[in-house]
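So the structure is just underneath, and the comments pick up after that.
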Amino acid sequence: MLVKSEMDLYKANKLLEINKILTQSLRLEEILHSVIQAASELVDVADVIIIYLYDEDTKTLRFAKGEGVAVESMRHVAFAEGESITGKVFVQRQPKLFTSRDEINDYMKNMSALNVRYYFEGVQQRTVRSSFCVPILYEKRCLGVVAVNNYREDSIFTAEDMKVIEVVAGQSAIAIENARVHEHLQQQNALLEKSISIHHTFYQLVIEGRGIDAILSLLKRRIGVAVRYFSYLDRTSEAHLFPIRRGVDTLGFLSLPKPFEQYSEMDKITIEQASLSIALELIKENALYEKEIYFREQVFNRLLEGLSGRELEAALQYVNWRSDTLVQCIVIEGNEKPLWQVEELIGKEKFVKSVEKKLRSERVHPLIFARAFQLIILVPTISRSTVQELYESIRQMGAGSSDISVGIGRETPIQELSVSYKEAMRSVGYAKKYNVPIVEYSMLGIERLLYEVDQELLERFMNDKLGQLKRADATLIDTLNVFIQSNSSQKRTANALHVHPNTLYYRLRKAEEILGIDFSNGEDWIDFVIAFKIFMELNEK
């Protein structure tokens, strides 16, 4: 009885000592060593003591510390929840004492083949005679388990042995959690310090104006693999693209050898810092490009003034044209919304460069700039098919098919650029008014005169030729409009209006009576058509 009392006192003092050691340490390795040492001293017949800790990333219980085992083999062991004795105690969160080999084998029978191989290598192929396993509980979470094995026939664990280790496991839970929190904070601080250092290193390249290539070289040195940069204009089928963003704007992409999620935390920070630095470079380039667009507009304005001599030569040298170059002006507008996303930092740059790239792919060398929400293009020569392809390309950039109007002026000498520009402006106005996608000024008929002639003069001509017809009923006006569009064919007109030929004949005779003319008279017919088009034009306005 005295011996047992002395042993109980020893264990109580040892538990107090262990508790003091555990509460004073923040190093996980020291805490686990103390738990192993305490278990070894408090349980006399323990041959193997193993601590498994739960890995949140892999969702497995992995070897953390042990005594009486081959450590290198045990490092390969990873028990799933519910697997073997270790996994079952983890799930049940209750200590378990085994005094029967059959019960031990029953608990261990679902162990995976890989774990069987490395576990038995770790315990030197010995067969467990007696064992117990206790959970390491912190609040409502299980942090891991402590497994204690005996391989001798003449020894067996008691419930008291398990209870002692259960107390040690409970004492260690708080220490393990504190150590993990402390380690996490240290890691976060280290990451923060490294992140600041990386930020300063990349930012210094930006300050020095070293450019994107220098940033990519530094990124390669930091993460050990080459990374490629693609602008927003590049079409790529690369699989692992990391966006270079400024707010909601995507300025370009980094092509990574593997998915971003598979990189270490430090490499992720490095990639993100490189992306931010490239974004700053691109923002600087955008500011320079805005100045370039403004300068192009100034060159255009000077050419509109009709330069000559050295001033003309200087302007032409900028666009790489000769003084005998023939040019056309193209004006593109959105009907209901801007051509580009005005809320995006690089919306205008992206749009202008995309159009420029498209034209250059067609071997066209343009001068392009944006004025307000117009796109103005000067080209030496351009085919109708190229214009049509450009139109389709702009549609694919995001605008709807009915939201774009293109006006094209005639080909003129560079000294008469203002003529082509005015014609392009009139053409785009006509395109927007009549919902025609592309209008070439050279293809317009009488509409050109309606733009050119003074409106008061047009109205006087219309009043002289139409007289009382302007106040005729809508049916008669519609009939005459269809008659003109049908090239004065009575048969086509009657079919288009779905009326009997006699009805059409009556309406036409009535119009001739009001006008006092004969539609079969060529001169009368021409005057009437011109006056009627003016009438329709003014009424639509």
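Count residues from 1 along the sequence.
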Taking the six-membered ring for Trp and the full ring for Phe, Tyr or His, determine whether the centres of F253 and Y229 are under 6.0 Å apart.
->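 No, ring centres 6.0 Å or more apart.
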Is a donor from one side chain sitting under 3.5 angstrom from an acceptor on the other, for [X] and [Y]?
X    : Y    : value
N301 : R371 : yes
T60  : T58  : yes
Y151 : Q124 : no
D267 : T270 : no

Contacts satisfying side-chain hydrogen bond (donor to acceptor under 3.5 Å, both in side chains) that involve residues 127-144 (not counting sequence neighbours) are R129-E153, S131-N149, R141-E177
Please list all pairs passing the side-chain hydrogen bond (donor to acceptor under 3.5 Å, both in side chains) test where one or both residues lie in residues 61-76, with sequence neighbours left out.
->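 Found E29-K65, S40-E67, S73-E121.
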Quick one: [atom1] on [X] to [atom2] on [Y], what's the gap to the nearest 0.5 Å?
X    : Y    : atom1 : atom2 : value
D161 : L42  : CG    : CG    : 9.5 Å
N286 : R246 : CG    : CZ    : 9.0 Å
I244 : E272 : CD1   : CD    : 12.5 Å
M266 : I271 : CE    : CD1   : 11.0 Å
N150 : D47  : CG    : CG    : 5.0 Å
L359 : S354 : CG    : OG    : 11.0 Å

Could you tell me if the side chain of [Y] sits less than 4.5 Å from the side chain of [X], heavy atoms only?
X    : Y    : value
E81  : Y54  : yes
S255 : F230 : yes
Y263 : P257 : yes
I198 : F202 : yes
L216 : I278 : yes
I50  : V146 : no

Pairing of [X] and [Y] as salt bridge, 4.0 angstrom limit:
X    : Y    : answer
E333 : K432 : yes
E83  : K109 : no
K348 : E290 : yes
E349 : K291 : no

Have a look at V134 and tell me which of M162, Q94, K163 forms a side chain to side chain contact (heavy atoms under 4.5 Å, CB included) with it.
->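 By the side chain to side chain contact (heavy atoms under 4.5 Å, CB included) criterion, V134 pairs with just one of M162, Q94, K163: M162.
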May I ask you to decide if [Y]'s main-chain N or O and [X]'s side chain share a donor-acceptor pair within less than 3.5 Å?
X    : Y    : value
S100 : D102 : yes
R363 : R360 : no
R296 : I368 : yes

Would L254 and R228 count as a side chain to side chain contact (heavy atoms under 4.5 Å, CB included) if you check the C-alpha gap in whole Å, the side-chain angles of each, and the deciding distance to 0.1 Å?
-> CA-CA 6 Å; L254 292 176; R228 290 190 294 168; over 6 Å; no
Could you walk me through whether C329 and I376 pass the side chain to side chain contact (heavy atoms under 4.5 Å, CB included) check?
-> CA-CA 7 Å; C329 185; I376 298 175; 4.0 Å; yes
Let me see the working for F132 and F98 under ring pair (Phe, Tyr, Trp, His ring centres under 6.0 Å), right down to the final yes or no.
-> CA-CA 6 Å; F132 65 83; F98 299 89; 9.6 Å; no
Between F260 and F242, how do the two ring planes meet: parallel, tilted or perpendicular, split at 30° and 60°?
-> tilted
Aromatic rings F369 and F300: how do their planes relate, parallel, tilted or perpendicular, breaks at 30° and 60°?
-> tilted
Contact list for residues 209-227, test salt bridge (charged side-chain N to carboxylate O under 4.0 Å, His left out), sequence neighbours left out =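 Every pair satisfying salt bridge (charged side-chain N to carboxylate O under 4.0 Å, His left out) with a residue in residues 209-227: E208-R210.
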List the steps and the verdict of side chain to side chain contact (heavy atoms under 4.5 Å, CB included) for V77 and F79.
-> CA-CA 7 Å; V77 175; F79 290 119; 3.4 Å; yes
Applying side chain to side chain contact (heavy atoms under 4.5 Å, CB included), run through S195 and Q273 and close with a yes or a no.
-> CA-CA 8 Å; S195 176; Q273 290 296 338; 3.9 Å; yes
